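None of the values given here were measured: they were computed from a predicted structure.
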Amino acid sequence: MKKPLHFLTLYDLPPSELNALVLRAIELKKRHKSGLEDLPLKGKVLAMIFELNSTRTRVAFETGIQQLGGHAIYLSAQDSQLGRGEPIADTARVLSEMVDLVVIRAKDHQYVCEFSKYSRIPVINGMTNMSHPCQILADIQTYTEIRGSIHGKKVAFIGDGYNMCNSYIRAAKQFDFALSIATPISHKPNQKLLSAVDQAIWTDNPEEAVASADLVVTDVWSSMGHEEEGNERLASFDGFQVDSELLDRANKDVIFMHCLPAHRGEEISNDLLDDTRSVVWQEAGNRLHSQKALMELLLK
Ligand code: CP
């Protein structure tokens with residue numbers, strides 16, 4: 001039996017397919033907004049296993065599969081046997097008998113890897129402690145819609161070297177843009193990942209990172225699972241807030257993205273989402289279209 005194509009990180013698809021996926025997302029969005037119906041996933045069922053909260057990822061997958069003609073089943077730990085200790089491998093085998101596609105949001109990336117090892121249907125990473133590849137698809141779609149191809153551009157990531165930052169490192173390689181990362185020394189991104197990507201560099205100076213950037217990105221300082229470190233993190237990230245003055249140091253036509261939810265007054269200034277350079281609502285909306293393109297690709 002043919003092995004399913006999983007999407008656990010951006011390295012699971014070659015650059016040509018990632019670029020085609022972004023263009024398809026833009027096309028699907030245009031077609032949907034024109035009132036055209038695309039039902040390539042008619043009768044297909046998506047299982048959604050979420051260990052952590054979600055608004056955008058969950059709504060985009062549920063709405064997306066419905067718009068493509070299929071259905072979604074949401075499984076939280078509380079209302080499935082996973083919460084009572086049924087092994088991941090057994091759950092993967094069972095769901096492979098019943099549904100066509102699975103998206104998993106897990107605290108530990110190994111959970112998703114373990115599931116995909118035993119799954120005979122495609123598995124999508126809906127965010128883990130290691131990466132958030134679906135968010136990157138929406139971000140690249142948004143940049144492409146507003147400014148054209150991101151190839152050869154400069155992106156600055158400011159803040160926590162956690163899952164979004166790690167995914168941006170992979171994105172720099174796959175979409176071939178220059179990535180300048182500014183984090184405190186105590187919260188650097190994954191060093192093995194970083195050292196393998198020529199396009200990405202690290203500094204502890206946000207002003208240096210944003211110089212001549214075409215896109216500036218940040219994420220919360222206390223990701224899910226790190227909330228209890230809140231006060232300690234506020235101190236560690238002092239000086240890493242993105243505000244309009246920091247954006248003024250970037251390229252004239254810079255745009256700003258944030259995967260959301262945002263903590264105003266922490267990683268961004270209170271008014272940054274209202275800055276004319278912020279494109280966060282378009283970015284959030286594009287989760288729907290890019291995830292539709294992803295599901296279509298994986299079930300082709
Ligand atoms: N950006 C993002 O993944 O949002 P949710 O946590 O709401 O899914």
Side-chain angles (χ1 to χ4, degrees), residues 50-60 105 107 126-136 138-139 142-143 155-169 171 179-190 194 200 202-211 213-250 254-287:
F50 278 58
E51 280 193 323
L52 294 163
N53 298 36
S54 169
T55 298
R56 282 143 287 266
T57 308
R58 177 178 174 178
V59 174
R105 172 167 284 197
K107 293 174 195 157
M127 197 193 81
T128 68
N129 58 327
M130 287 294 295
S131 60
H132 197 0
C134 290
Q135 181 67 51
I136 297 288
D139 288 14
T142 308
Y143 190 88
V155 178
F157 185 98
I158 313 296
D160 190 7
Y162 196 54
N163 51 9
M164 274 306 299
C165 184
N166 288 335
S167 285
Y168 260 97
I169 295 172
L179 176 65
S180 198
I181 300 163
T183 75
I185 292 172
S186 54
H187 292 84
K188 284 168 95 168
N190 183 296
L194 181 63
W202 175 86
T203 170
D204 63 356
N205 183 338
E207 293 177 1
E208 188 185 308
V210 300
D214 301 290
L215 168 63
V216 174
V217 189
T218 190
D219 191 9
V220 290
W221 291 341
S222 294
S223 291
M224 281 185 276
H226 297 279
E227 291 89 349
E228 74 287 354
E229 299 165 29
N231 285 338
E232 188 191 313
R233 281 176 172 257
L234 286 183
S236 302
F237 286 98
D238 188 32
F240 285 82
Q241 184 182 83
V242 181
D243 57 17
S244 51
E245 287 73 37
L246 189 67
L247 289 188
D248 290 344
R249 294 175 174 273
V254 69
I255 54 176
F256 169 74
M257 293 189 202
H258 187 312
C259 61
L260 304 177
H263 292 180
R264 292 170 173 85
E266 293 186 15
E267 78 277 1
I268 54 163
S269 55
N270 286 322
D271 55 357
L272 193 68
L273 299 188
D274 304 317
D275 191 291
T276 52
R277 295 165 288 188
S278 164
V279 296
V280 296
W281 311 123
Q282 183 172 339
E283 176 191 11
N286 281 340
R287 296 294 304 276

| field | Nearest atoms (heavy-atom pairs only) where S269 meets S244 | value | OG-N, 4.3 Å
| message | Can you give me the closest heavy-atom contact between G159 and F240, atom names plus distance? | response | N-CD2, 4.5 Å
| said: So Y143 and V279, do their side chains get closer than 4.5 Å, heavy atoms only? | reply: no
| query | Does atom CZ of R249 have more than 12 heavy-atom neighbours, drawn from other residues, nucleotides or ligands, at distances under 6.0 Å? | reply | no
| remark: Output for pair (D139 CG, R287 CZ), nearest 0.5 Å, gives 8.5 Å
| field | N/O donor-acceptor pair under 3.5 Å between E283 side chain and H258 backbone | value | yes
| task | Quick one: pull up OG1 in T276 and CD1 in I255 and give me the separation to the nearest 0.5 Å. | result | 11.5 Å
| task | Could you label the plane-to-plane angle of the F237 and W221 rings as parallel, tilted or perpendicular, counting under 30° as parallel and over 60° as perpendicular? | result | parallel
| task | Supply the atom-to-atom distance M127 CE to S54 OG, rounded to the nearest 0.5 angstrom. | result | 8.0 Å
| request: Measure across E51 and K107 and return the closest heavy-atom pair with its distance rounded to 0.1 Å. | output: OE1-N, 2.8 Å
| field | Distance in Å, S222 OG paired with L234 CG, rounded so as to fall on 0.5 Å steps | value | 6.5 Å
| Are the side chain of E267 and the backbone N or O of V242 linked by a donor-acceptor pair below 3.5 Å? | no
| message | Testing D219, V155, V216, L215 one by one against M257 for a side chain to side chain contact (heavy atoms under 4.5 Å, CB included), which residue passes? | response | L215
| task | Quick one: do I136 and M164 satisfy side-chain contact (heavy atoms from CB on, under 4.5 Å)? Show the steps, please. | result | CA-CA 8 Å; I136 297 288; M164 274 306 299; 4.1 Å; yes
| Any donor-acceptor pair under 3.5 Å linking the side chain of N166 with the backbone of S131? | no
| message | On a heavy-atom basis, which atom in A209 and which in T203 lie closest, and how many Å separate them? | response | CB-CG2, 4.0 Å
| Given T218, which of D160, I268, L246 fulfils the side chain to side chain contact (heavy atoms under 4.5 Å, CB included) condition? | I268
| More than 12 foreign heavy atoms under 6.0 Å from CG of N53: is that the case here? | no
| task | Determine whether P189 and T183 make a side-chain contact, defined as any pair of heavy atoms from C-beta on separated by less than 4.5 Å. | result | yes
| said: Ignoring hydrogens, what is the shortest heavy-atom contact between R56 and C259? Give both atom names and the distance. | reply: CD-O, 3.6 Å
| At what distance, to the nearest 0.5 angstrom, does CH2 of W202 lie from CD of E208? | 9.5 Å
| request: Taking the side chain as every heavy atom from C-beta outward, state whether Q135 and S167 have any pair of such atoms under 4.5 Å apart. | output: no
| Shortest non-hydrogen contact from I181 to I169? | CD1-CG1, 3.7 Å
| message | Just verifying a value: how many Å separate R105 CZ and F50 CZ, rounded to the nearest 0.5 Å? | response | 5.5 Å
| Does the side chain of N286 come under 3.5 Å of the side chain of T142 through a donor N or O and an acceptor N or O? | yes
| request: Report yes if the side chains of L272 and V280 come closer than 4.5 Å at any heavy-atom pair, otherwise no. | output: no
| message | Tell me whether the count of non-hydrogen atoms from other residues, nucleotides or ligands lying under 6.0 Å of CG in N270 goes above 12. | response | yes
